[in-house]
Amino acid sequence: KVYDEITDVFGADPKITFEKLSALKYLDMCVSEGLRLANAVPLIQRVCTKNYQIPGTDVVIPKGANVNVPTTKMTLDEQNFYNAKEFDPENFNPENKPNKFAFGTFGQGPRNCIGMRYALMILKVGLVSMLMNYKILPGEKMPETLRLNKQMNHFEGGLPVKFQKR
């Protein structure tokens, strides 16, 4: 699907432009889904700047308290993503109403990552360049099932692939 989208958007002109990259909506969903499952930021820590009462409760977080937000739990919660336990780019389809605050790879609000747009654009340039020129195939030692080591953020046994020129 990603390759089909790339060929639809780029046609016969391989020149990569901001406009073309911005039109790759399915690629955006795939990148976001990959970042969601390989969560590089499993915990966000903040210091409470004023006494804060959690709405609907009697619980007050005191000023100066450390607040830990477990982002991995949020990214795997079915309330936040309709198919939270699987790699499914449709989790980021606006029709499925993904919870943007449950996807914390780059943070949210005024303290989000200043390099987010640049990082995503460079990632898309690399993926488009690679996918326009190569077909990615499973390597000979590719296991039947990939197992992601969440603590080390890599696939156990590696990810053996081979590239075939298009």
Side-chain angles (χ1 to χ4, degrees), residues 1-2 5-6 16-131 136 143-161:
K1 280 185 161 182
V2 172
E5 180 184 56
I6 291 169
I16 296 175
T17 65
F18 177 80
E19 291 74 21
K20 289 178 185 176
L21 291 175
S22 297
L24 298 171
K25 301 303 179 194
Y26 191 73
L27 178 60
D28 283 338
M29 293 189 317
C30 289
V31 167
S32 293
E33 183 66 355
L35 292 171
R36 179 185 75 84
L37 284 178
N39 190 359
V41 184
L43 186 72
I44 296 174
Q45 297 178 317
R46 295 288 185 259
V47 175
C48 191
T49 58
K50 62 182 180 183
N51 289 342
Y52 178 77
Q53 182 170 357
I54 298 175
T57 72
D58 294 331
V59 177
V60 175
I61 302 171
K63 179 180 178 175
N66 290 320
V67 178
N68 296 319
V69 180
T71 60
T72 300
K73 181 165 176 34
M74 294 186 325
T75 63
L76 297 176
D77 190 327
E78 298 284 338
Q79 291 180 343
N80 297 322
F81 297 98
Y82 92 107
N83 191 8
K85 304 283 191 278
E86 302 292 326
F87 178 87
D88 185 350
E90 292 298 322
N91 279 321
F92 284 89
N93 185 329
E95 293 175 10
N96 292 324
K97 298 178 176 72
N99 182 341
K100 71 176 186 172
F101 293 104
F103 177 61
T105 299
F106 293 101
Q108 294 289 340
R111 291 200 171 103
N112 73 336
C113 176
I114 194 169
M116 175 181 68
R117 285 187 181 90
Y118 178 73
L120 291 172
M121 195 61 58
I122 292 301
L123 179 59
K124 286 169 60 173
V125 166
L127 287 170
V128 167
S129 297
M130 184 172 51
L131 293 171
I136 303 171
E144 287 281 323
T145 304
L146 294 174
R147 291 192 359 231
L148 181 65
N149 180 326
K150 287 273 191 191
Q151 291 184 328
M152 300 303 290
N153 209 14
H154 71 272
F155 288 106
E156 292 180 10
L159 188 63
V161 297

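Positions are given from 1 along the sequence.
Taking all atoms of both residues into account, the shortest heavy-atom contact from Met130 to Ile136 is CE-CD1, 4.0 Å. What you find for Cys48 and Pro62 is that their closest heavy atoms are CB-O, 3.6 Å. Taking each heavy atom of Leu21 and Lys124 in turn, the nearest pair found is O-NZ, 2.7 Å. Heavy atoms only, all atoms of each residue included: Thr71 and Leu43 are closest at OG1-N, 3.7 Å. The two residues Phe87 and Gly34 make their nearest non-hydrogen contact at CE1-N, 3.7 Å. The heavy-atom pair separating Pro160 from Gly157 by the smallest distance is CD-O, 4.4 Å.
Using a 4.5 Å heavy-atom threshold, the side chains of Tyr26 and Glu90 count as touching. Side-chain contact check for Tyr52 versus Val67: every heavy-atom pair is 4.5 Å or farther apart. Side-chain contact between Leu127 and Leu24 is absent, with no heavy atoms from C-beta onward closer than 4.5 Å. Residues Glu5 and Leu27 meet the side-chain proximity criterion, which asks for heavy atoms closer than 4.5 Å. Using a 4.5 Å cut-off on side-chain heavy atoms (C-beta onward), Ile61 and Asn51 make no contact. The closest side-chain heavy-atom distance from Pro98 to Asn91 is not below 4.5 Å.
With hydrogens and angles left out, the side-chain atoms of Tyr82 and Asn93 include no donor and acceptor closer than 3.5 Å.
The distance from the CG atom of Asn39 to the CZ atom of Phe103 is 8.5 Å, given to the nearest 0.5 Å. Between Lys20 atom NZ and Ile6 atom CD1 the span is 12.0 Å, to the nearest 0.5 Å. Distance check: Cys30 SG to Asp88 CG gives 9.5 Å after rounding to the nearest 0.5 Å. Rounding to the nearest 0.5 Å gives a distance of 10.0 Å between CZ of Phe101 and CE of Met74. With rounding to the nearest 0.5 Å, the separation of CZ in Phe106 from OG in Ser32 is 8.5 Å. Put simply, CG on Leu123 and CG on Asp28 are 10.0 Å apart, with the number rounded to the nearest 0.5 Å.
The side chain to side chain donor-acceptor pair (under 3.5 Å) with Asn99 is formed by just one residue from the set Thr75, Asp77, Asn80; it is Asn80.
Residue-environment remark: CD (Glu78) exceeds the threshold of 12 foreign heavy atoms within 6.0 Å. A 6.0 Å sphere centred on CD of Gln79 holds no more than 12 heavy atoms belonging to other residues, nucleotides or ligands. Atom CD1 of Ile114 has 12 or fewer neighbouring heavy atoms from other residues, nucleotides or ligands inside a 6.0 Å radius. For NZ of Lys85, the number of neighbouring non-hydrogen atoms (other residues, nucleotides, ligands) closer than 6.0 Å is greater than 12.
No donor-acceptor distance shorter than 3.5 angstrom exists from the side chain of Glu19 to the backbone of Ala23, with no hydrogens or angles considered. Side chain of Lys25 to backbone of Ser22: a donor-acceptor contact under 3.5 angstrom is found.
For the pair Arg36 and Phe92, the NZ or CZ position fails the cation-pi test of under 6.0 Å to the six-membered ring centre and within 45 degrees of the ring normal.
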